[in-house]
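First comes the structure, then the notes that go with it.
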Amino acid sequence: MFDKPETQHQWLKRLVGDWTFEAECGNEGGESVAKFSGTESVRMIGDLWSVAEGKGEMPGGGVGQTVMSLGYDPKKGRFVGTWLGSMLTYLWVYEGSLNSEGTKLTLDTVGPNCMGGGEMATFQEAIEFKSDDHRVFTSAMKGPNGEWTTMMTANYRRTK
Amino acid sequence: MMIRVACSILAVLAFTSTLQAQEAPQMPAPQKEHEWLQQLVGEWESEAEANFGPDQPPVKCKGTEKVRSLGGFWILSDSQGEVAGMTMKSQLTLGYDSKKKKYVGTWVDSMTDYMWHYEGTLDEAGKVLTLETEGYSHLNPTELAKFKDEIELKDQDHKVLRSSMQMPDGQWVSFMTANYTRKK
């Protein structure tokens, strides 16, 4: 009756803890539009789900809150999850997979084009562990000609 | 993960500032559908009874639920209960997608590796939120079936959650009812 955790669920526990992040919009190494920072707290719900709650100053003022839930669906053979933010009414749905080294989780999703316009676009996001206490999040959007543009990069460092 | 939102806002700022340099961008404001969800915010005690078939005794479960608001658009509900001597934890997220004009959300719990995705509507009286979803059938765990969770607000301090599953013949069978009383 109860589902048993697999190695993929075990992997999610690497995220558990308290983190600070520094993020920038725009291409890595390219011209960045803005920098901002915040904190994130990640816990498990049982052994099967991780929930990350983030908090940060929004550009233009105000505090934004986010929730990212991640699990692994053995029947699908894919990581699954969602992301939501206190200032958006859209629920982002993830499906993803881990690289063979177990260092990088790549997540595919579809959502509103963040350059405005309101039409939907394809995104690929990734969580990459550089060490147990440092991970990098990137988000790339697929353009109309199939080219990928990194929209944002964030460095997360563990505080607990 | 804040970044996507922040970058979106920056993009909007950049976009609008070229058009209307004097005007601050308008962030969307919560609608009445979002406000309805805020009635669920608080702390609740629950008593649930589940039936998984005529040949099985009903399972009773007592639990607690804490519901928080995330901005004005979302609620986040964390529950804990005892099922068959084990602690079950779950999280429910609910929002209203202004574009889809549907309630949207998810359910995950500590016993299940499957993520439930909700899409729902509120009845005209504003009392019953019906959330439709799909998951593995109780009759055959390799087959998907349609499920329905209904949240009925009896009054500000009492709500009922009813879960039902659609049988292969199209009939809906209720398998769980939980009564909630507000503590806070």
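Order of the sequence lines fixes the chain letters, A, B, ..., with proteins taken first and strands second; residue numbering starts at 1 for each chain. Worth saying up front: this structure is predicted, and the values here are computed from it rather than measured.
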For B/Ser90, does its backbone N or O pair with a side-chain atom of A/Trp49 as donor and acceptor, under 3.5 Å? no
So, the part of A/Val63 with a heavy atom under 4.5 Å from chain B: the answer is neither
Does atom NZ (B/Lys60) have a neighbourhood of more than 12 heavy atoms from anything else shown, all under 6.0 Å? no
What are the two closest heavy atoms between A/Tyr90 and B/Asp97, and how far apart are they? CD1-OD2, 3.7 Å
Would you indicate whether B/Lys148, at its atom NZ, is surrounded by more than 12 heavy atoms from other residues, nucleotides or ligands within a distance under 6.0 Å? yes
Proximal component of B/Met88, with respect to chain A [non-hydrogen, under 4.5 Å]: neither
Go through the steps for B/Arg68 and A/Glu53 under the test side chain to side chain contact (heavy atoms under 4.5 Å, CB included), then give the verdict. CA-CA 12 Å; B/Arg68 293 173 286 152; A/Glu53 294 193 39; 2.8 Å; yes
Interface moiety of B/Thr93 toward chain A, non-hydrogen atoms closer than 4.5 Å: side chain
Should we count NZ of B/Lys154 as having more than 12 external heavy atoms under 6.0 Å? no
Grab the two heavy atoms, one from A/Thr89 and one from B/Val104, that are nearest each other, plus how far apart they are. O-CG2, 4.5 Å
Specify which of B/Gln80, B/His34, B/Met86 makes the most heavy-atom pairs with chain A at under 4.5 Å. B/Met86
Picking from B/Ser110, B/Pro141, B/Ser69, which has the most non-hydrogen pairs under 4.5 angstrom with chain A? B/Ser110
Write down the atom of B/Asp78, the atom of A/Ile45, and the distance for their closest heavy-atom approach. OD1-CD1, 4.4 Å
Is A/Pro74 close to B/Asp113 at the side-chain level, that is, under 4.5 Å between some pair of heavy atoms? yes
Measuring heavy-atom distances to chain A, does B/Asp109 have an atom under 4.5 Å in its side chain, in its backbone, in both, or in neither? backbone
Please examine the side chains of B/Trp74 and A/Leu91, heavy atoms only from C-beta on, and report whether any two atoms are closer than 4.5 Å. yes
Can B/Met115 and A/Val93 be said to form a side chain to side chain contact (heavy atoms under 4.5 Å, CB included), step by step? CA-CA 10 Å; B/Met115 182 179 248; A/Val93 177; over 6 Å; no
Engaged part of B/Tyr96 at the chain A interface, taking heavy atoms whose separation is under 4.5 Å: backbone
